[in-house]
Amino acid sequence: MAVTLADVARRSGTSTAVVSYVMNNGPRPVAPATRERVLAAAAELGYRPNRIARALRAGTTGVVGLVLADASNPYFAALARSVERALERRDTLMMTGNAGYLPDRQRLLAERFLAAQVDGLVVVSADGGADVAALAATAGVPSVYVHHRPGPGRAPLVSADNDAAVRAAVEHLRGHGHRRVAFLAGPHDAGPVAERRDAWHRAVSADDLEPLLLRCEYSREAAARLTARLIAEGAMPHALIAATDEQAMGVLAGASAAGLPVPGRLALMSCDGTPDSAYTAPALSVTEQPLDAMAERAVALLLDGTPESAAPAARLVPRRSCGCEV
């Protein structure tokens, strides 16, 4: 049978009310010695607080729903881990749903989380998705977008300073002697990728040369195919910034298969900075997105009502792929 508050109270020689104060950190203070005695009794008996009962009493569930654009993408997976850690620091559980880049599934996940009475909704939206945060607003549940917010979205957005990050990447490649810096975007740009593309265009617009904008799907396979074609046509640029790590890794694979040396013939940088980027061959130079800072800010907005503030800065991390001797 499940161990109850009464069992812990009897073992520790206190009342059930005192045990409740200890387990819930209030609302009344408990003497340190008594608290230790209650915790020891709970551990000895294997007592586990009934989260559902506590939620009914408090009017909250202690759970936040995370709608993720694509769990298989290392960038989104790393972002999810950062959000989870930020919630754990507030003793809040996270339920995660993978939209798989499907707007309809994104909406379905939001509806299911809201039906489960979550305390808040964190949405890492896919391109073209509807404003699912509007569903949360209708239900009276707070919500926040992280990384990307769809066009009609009105909930707060937490993202990095993509403009400064891309400008830093362009200047870094120029420091290696590259006058013409190309950019690899997606098939149709929105959100952060559009910001990165626009920042690149502003940074290179003063050049005499026509800016070279390349496009492919956000996958390693698509970027590898594009790289192979450009190399075969003799059109591969000498310096390239990829909008995402997945594309950059595909470029590396395509260059390796064609025998094109990186960084000898191609200097390459990327704009995500996922943990995987440090372990490619050669290691990718990146503008590392401040995922922990973004997650902490999003959770503070969601649960604490902290006012929105300036976007956190991405950190330029030079490695071998751009030509640095690191």
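All values derive from a computational prediction rather than experimental measurement. Throughout, numbering of the chain's residues begins at 1 and tracks the sequence. All values below were derived from every heavy atom in this structure, side-chain atoms included, with hydrogens, water molecules and symmetry-related copies excluded.
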Indicate every side-chain donor-acceptor pair of residues 319-326 with a distance under 3.5 Å to a residue at least two apart or in another chain.
from, atom 1, to, atom 2, distance (Å)
Arg319, NH1, Ser277, OG, 3.1
Arg319, NH1, Leu284, O, 2.7
Arg320, NH1, Cys324, O, 3.3
Ser321, OG, Leu268, O, 2.6
Ser321, OG, Ser285, N, 2.8

Contacts of type salt bridge (charged side-chain N to carboxylate O under 4.0 Å, His left out), residue [X], not counting sequence neighbours:
{"X": "Arg174", "value": "Glu171, Asp207"}
{"X": "Arg229", "value": "Glu233"}
{"X": "Arg297", "value": "none"}
{"X": "Arg10", "value": "Asp7"}

Original post:
Are Pro318 and Leu316 side-chain neighbours, meaning at least one heavy-atom pair lies under 4.5 Å?
Top reply: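 Sidechains of Leu316 and Pro318: in contact.
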
All N/O donor-acceptor pairs, side-chain side in residues 180-187, below 3.5 Å, sequence neighbours left out:
from, atom 1, to, atom 2, distance (Å)
Arg180, NE, Glu210, O, 3.2
Arg180, NH2, Glu210, O, 2.7

Subject >> Set of residues satisfying side chain to side chain donor-acceptor pair (under 3.5 Å) with respect to Arg315, sequence neighbours excluded >> reply: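 Listed in chain order: Glu288.
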
Original post:
Which residue, Asp163, Asp161, Asp272, forms the salt bridge (Lys or Arg N to Asp or Glu O under 4.0 Å) with Arg196?
Top reply: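 Exactly one option meets the salt bridge (Lys or Arg N to Asp or Glu O under 4.0 Å) with Arg196, and it is Asp272.
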
Subject >> Asp70-Ser72 side chain donor-acceptor pair, cut-off 3.5 Å >> reply: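 Judged by distance alone, the side chains do pair up.
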
Original post:
Under a single-linkage rule joining Ile, Leu, Val, Met, Phe, Trp and Tyr whose side-chain heavy atoms are separated by less than 4.5 Å, which residues share a cluster with Leu108?
Top reply: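 Leu108 shares its hydrophobic cluster with no other residue.
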
Original post:
Linking Ile, Leu, Val, Met, Phe, Trp and Tyr by side-chain heavy atoms under 4.5 Å, what else ends up with Val146?
Top reply: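 Members other than Val146 - counting any ILVMFWY side chain reachable under 4.5 Å - are Val64, Leu66, Leu68, Tyr75, Phe76, Leu79, Val83, Leu87, Met94, Tyr101, Val122, Val124, Val144, Val158, Leu291, Met294, Val299, Leu301, Leu302, Leu303.
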
Subject >> Non-neighbouring partners of His176 that pass ring-ring contact (aromatic ring centres under 6.0 Å, His included), sequence neighbours left out >> reply: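 Only His172 meet the ring-ring contact (aromatic ring centres under 6.0 Å, His included) criterion with His176.
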
Original post:
salt bridge (charged side-chain N to carboxylate O under 4.0 Å, His left out): which pairs involve residues 16-43, sequence neighbours left out?
Top reply: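 Passing the test, one end in residues 16-43: no pairs.
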
Original post:
What residue pairs, at least two apart or across chains, pass salt bridge (charged side-chain N to carboxylate O under 4.0 Å, His left out) with a residue in residues 234-257?
Top reply: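 Every salt bridge (charged side-chain N to carboxylate O under 4.0 Å, His left out) pair that includes a residue of residues 234-257, provided the two are not neighbours, is Arg220-Glu246.
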
Original post:
Any Lys/Arg nitrogen of Arg89 or Glu296 sitting under 4.0 Å from an Asp/Glu carboxylate oxygen of the other?
Top reply: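 Here Arg89 pairs with Glu296 in a salt bridge, since their nearest N and O are under 4.0 Å apart.
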
Original post:
Do side-chain atoms of Arg11 reach the backbone of Ala40 as a donor and acceptor pair under 3.5 angstrom?
Top reply: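 No.
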
